[in-house]
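As structure tokens, the structure follows; a few thoughts come after it.
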Amino acid sequence: MASERALMVLAGAGSGKTRVLTRRLARLLYQGEAGAGEILAVTFTNKAAMEMRERVVQLLGLDETVARRLWVGTFHGMGARMLRAHGERIGFDGLFTILDSSDQQRLIKRLAEQREMVDAYWTPKRLASSISRWKDDGLGPEDLAETRLKFSRDLMRVSDFYAAYQDELRRLNAMDFGDLLSNCLKLWDRSPEVLNAYRQRFRHILVDEYQDANKVQYDWMRRLAADSSLCVVGDDDQLIYSWRGARLDNILKFEEDFPNARIIRLEQNYRSTGNILRASGGLIDHNLGRKGKTLWTEGEEGAPITIHVAEDGEDEARHVTREILRLVPEKSFNDMAVLVRTSSQTRLFEQTFHEYNIPYRISGGLRFMDRAEIKDAVAYLRLAYSSRDDLAFERIINVPSRKLGPKALEEILAAAREVEGSLLEGARHLIGLKGSGSAAMGKLSAFVRLIDAAHAMLDVEHPVAVLDHLLDESGYKDAVELEERRNDIRENLTELRIFLSQVDDLGGFLERAALEADPPGTERRDDGINRVVISTLHAAKGLEFPVVFLAGLEEGLLPHKMAVEEGGAAAVEEERRLTYVGMTRAKERLFLSHARSRRLFQRLEPAIASRFLKEIPPETIQKREAPVMARRGVGIPRPRRPFYS
DNA sequence: CTTGGAGTTATTTTT
DNA sequence: TAACTCCAAG
């Protein structure tokens with residue numbers, strides 16, 4: 001068992017995939033087949049990575065220093081780590097900046113407007129998402145001819161723009177998420193000795209949620225695993241990231257690329273009751289082109305699934321609240337989860353839970369690190385840490401307002417170009433040229449002095465002290481204090497401060513801030529606090545709860561309107577898998593619900609029950625509230641569309 | 001030049 | 001709602 005070179009575990013929901021991986025990892029260490037430093041375990045989310053690390057540590061009672069040598073993390077995290085160490089070989093400073101999606105979009109927007117690239121079709125948003133997708137697919141600017149652009153006449157413009165964006169990133173010493181992997185591949189091409197060193201080091205590679213790997217991730221994994229033993233686990237029915245380039249193809253290709261691969265199927269489910277299993281199985285059966293497996297359990301039938309029809313979103317939230325309160329004598333809050341399709345749905349539950357004093361925790365939704373005030377504070381730290389970080393400079397130069405707007409920035413940029421340096425150096429140059437007499441130059445020179453002072457402080461003071469100094473002296477704190485009714489801003493900054501005070505390495509903190517969007521304290525699932533989890537379906541993958549509420553089962557929401565209108569049949573299948581993932585999170589009780597109307601921006605729109613509800617075997621469902629009789633057409637089957645267009 | 005107000009518009013999922 | 005654009009006042 002231990003000696004095969006490549007192993008793929010295809011396993012259904014709840015069959016213990018992650019346990020297989022964790023056990024394997026633990027066994028390698030325990031039996032001395034590998035040292036901690038020789039193992040690389042890749043997961044899709046930071047949360048999953050933390051959990052795996054913790055479980056192994058617990059299983060073996062590992063020492064902290066040993067655990068530290070294990071590489072457990074996301075593809076992107078590993079890529080960043082390798083590029084920090086060797087990026088200079090492909091022309092990046094080790095302190096390169098990592099752009100998140102909103103940074104990326106801002107940069108692309110500016111660039112696209114400058115280069116008059118924007119038109120009705122090529123909005124900045126579409127450019128950004130297309131470029132990300134091409135990177136996921138392993139396509140550089142020069143490879144675009146291979147893709148089918150909607151308008152082939154745009155090919156040259158678009159690929160030129162893509163190339164210009166890449167040049168700009170290089171100039172900024174920055175990488176977006178996609179670059180963290182594609183630049184690794186570039187690095188390995190350029191410096192085979194680096195790749196070889198990693199190959200020799202990582203004799204064992206393990207990959208979780210393999211079905212969600214995209215082309216770049218697959219190539220990254222395959223090249224790294226050339227000489228090592230490789231174990232991947234996945235489930236085609238839980239592929240929910242095709243919009244990020246994941247493809248079923250990877251599962252098929254595995255057998256080709258690793259000819260001696262062993263394939264194991266796990267079909268016994270240890271998680272859910274028979275009812276939940278049959279209900280979710282009946283649903284997923286409606287997808288064509290799956291590898292097909294039937295899960296079974298030795299467990300009990302369990303309670304039937306319930307479907308509740310609510311008047312509107314608020315009513316639905318109240319219903320869930322009622323059920324939670326009814327269950328709470330025998331279940332604790334952290335036994336229960338509310339799962340939704342879109343992050344905007346979380347607010348509804350948040351409000352109602354607040355009203356009824358139900359403790360909750362949000363997973364997915366607006367993340368901590370994405371909040372404006374947190375990004376501002378982090379940008380101050382980034383600039384103090386690395387004066388070359390032009391994106392941070394740009395973000396905070398006028399926050400709080402220093403009356404240095406777009407025109408002033410333009411001037412600074414010109415000065416920076418003149419001295420061939422960063423914006424901060426450009427600012428220094430500009431002050432030298434024009435003196436600091438004028439109002440604008442006075443403000444600018446105070447800003448530069450602040451950053452310089454903070455930079456010097458970093459050598460002697462704790463990062464928290466530096467942050468305090470930055471926010472005090474910049475006037476940021478005063479500006480925040482003036483905001484009435486925005487206690488959340490102050491609370492978030494306080495939380496950031498608490499988090500930062502536990503940090504001893506600012507570089508490591510900034511790395512995590514760039515790669516992990518989760519609120520500090522949320523990343524550990526079992527944090528001891530008894531709270532209901534409110535989560536998007538995507539963020540819930542890999543988790544399980546005794547009681548699950550799956551809300552908003554409506555046409556337009558699940559399946560989502562975007563998927564139905566733009567993605568065609570394949571996208572609807574993905575929505576079905578998403579629903580399947582949600583249902584299979586439940587161990588004992590599953591509550592489904594939908595509303596008759598739902599508020600969409602300002603309007604209250606009528607909503608009809610999701611098609612998926614009709615696909616669940618009726619015998620697994622207990623009560624179904626009387627459907628709206630008066631409305632014609634609700635129960636009438638729509639004309640059937642071909643599954644694949 | 002910058003800023004704030006008015007008016008408009010568009011809403012998936014995440015590293 | 002919130003996130004944008006546009007425009008006129010300061």
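What you see is a predicted model; the values in this text were computed from it and never measured. As a basis for the values below, the full set of heavy atoms in this structure was taken, side chains included, without hydrogen atoms, waters or symmetry mates. Naming convention: chains lettered A, B, ... in sequence-line order (proteins, then strands); numbering from 1 in each chain.
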Problem - Test log, rule salt bridge (Lys or Arg N to Asp or Glu O under 4.0 Å), inputs A:R585 and A:E544 - result: CA-CA 5 Å; A:R585 298 310 92 197; A:E544 59 178 33; over 6 Å; no

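Distance, A:R402 CZ to B:dC1 C1': 17 Å, rounded to whole Å. Residue A:I240 contributes atom CD1, which lies 12 Å from atom P of B:dT13 at whole-angstrom precision. Protein atom CZ of A:R347 is 14 Å distant from nucleotide atom P of B:dT12, rounded to whole Å. Remark: P of B:dT15 and CG of A:L180 are 13 Å apart, rounded to the nearest angstrom. The interatomic distance linking A:M441 (CE) with B:dC1 (P) rounds to 11 Å, in whole Å. Rounded to a whole Å, the CD1 atom of A:I397 is 11 Å from the P atom of B:dT2. The CG-C1' distance, from A:L537 to B:dT14, rounds to 14 Å in whole Å. Rounded to a whole Å, the NZ atom of A:K561 is 11 Å from the P atom of B:dA10.
Within 4.0 Å (heavy atoms only), A:K125 reaches sugar-phosphate atoms of the nucleic acid but no base atom. A:D100 comes within 4.0 angstrom of no nucleic acid atom, judged by non-hydrogen atoms across all strands. The residue A:L404 sits close only to the backbone: its heavy atoms come under 4.0 Å of sugar-phosphate atoms, none of a base. Nucleic acid contact for A:K109: sugar-phosphate only, since backbone atoms but no base atoms lie under 4.0 Å from a heavy atom of the residue. Within the 4.0 angstrom heavy-atom criterion, no nucleotide atom of any strand lies near A:F75.
Side chain of A:N398 to main chain of A:L404: a donor-acceptor pair is present (N/O by atom type, distance under 3.5 Å, no hydrogens or angles).
Of the candidate nucleotides B:dT14, B:dT12, B:dT3, B:dT14 has the atom nearest to the side chain of A:R244. Among the nucleotides B:dT12, B:dT14, B:dT3, the one closest to the side chain of A:W243 is B:dT14.
One donor-acceptor pair, N or O on each side, does fall under 3.5 Å between the base of B:dT15 and the side chain of A:S101. For B:dT12, the base has no donor-acceptor partner in the side chain of A:H560 [N/O atoms by modelled type, under 3.5 angstrom].
For A:T536 and B:dT14, the shortest distance from a side-chain N or O to OP1 or OP2 is below 4.0 Å. In terms of phosphate contacts, A:N398 brings a side-chain nitrogen or oxygen within less than 4.0 Å of OP1 or OP2 of B:dT3.
Between A:F92 and A:H86, the distance from one ring center to the other does not fall under 6.0 angstrom.
Note that CG of A:L99 is 11.0 Å distant from CE of A:M175, once rounded to the nearest 0.5 Å.
There is a side-chain donor-acceptor pair under 3.5 Å between A:Y476 and A:D376. Donor-acceptor pairing under 3.5 Å is lacking for the side chains of A:D235 and A:Y210. A donor-acceptor pair shorter than 3.5 Å cannot be found between the side chains of A:H286 and A:Y580. Looking only at atom types and distance, the side chain of A:E209 has a donor-acceptor partner in the side chain of A:Q211 under 3.5 Å away.
A search for salt bridge (charged side-chain N to carboxylate O under 4.0 Å, His left out) contacts involving A:K477 returns A:D472, not counting sequence neighbours.
Summary of the strand contacts: A:L600 and A:D136 both lie near DNA chain B, and taking for each the nucleotide with the nearest heavy atom, the more 5' one is attributed to A:L600.
Note that A:R126 lies in the cation-pi zone of A:Y121, set by a 6.0 Å cut-off to the ring centre and a 45° limit from the axis. A cation-pi arrangement is absent between A:R402 and A:F447 under the rule of less than 6.0 angstrom and at most 45 degrees off the ring axis.
For DNA chain C, the outermost nucleotides in 5' to 3' order that have an atom under 4.0 Å from a heavy atom of chain A are C:dT1 to C:dT5.
Of the residues in residues 405-415 of chain A, those lying under 4.0 Å from DNA chain B by heavy-atom distance are A:G405, A:P406, A:K407, A:A408.
As rounded to the nearest Å, B:dT12 and C:dT5 have C1' atoms that lie 24 Å from one another.
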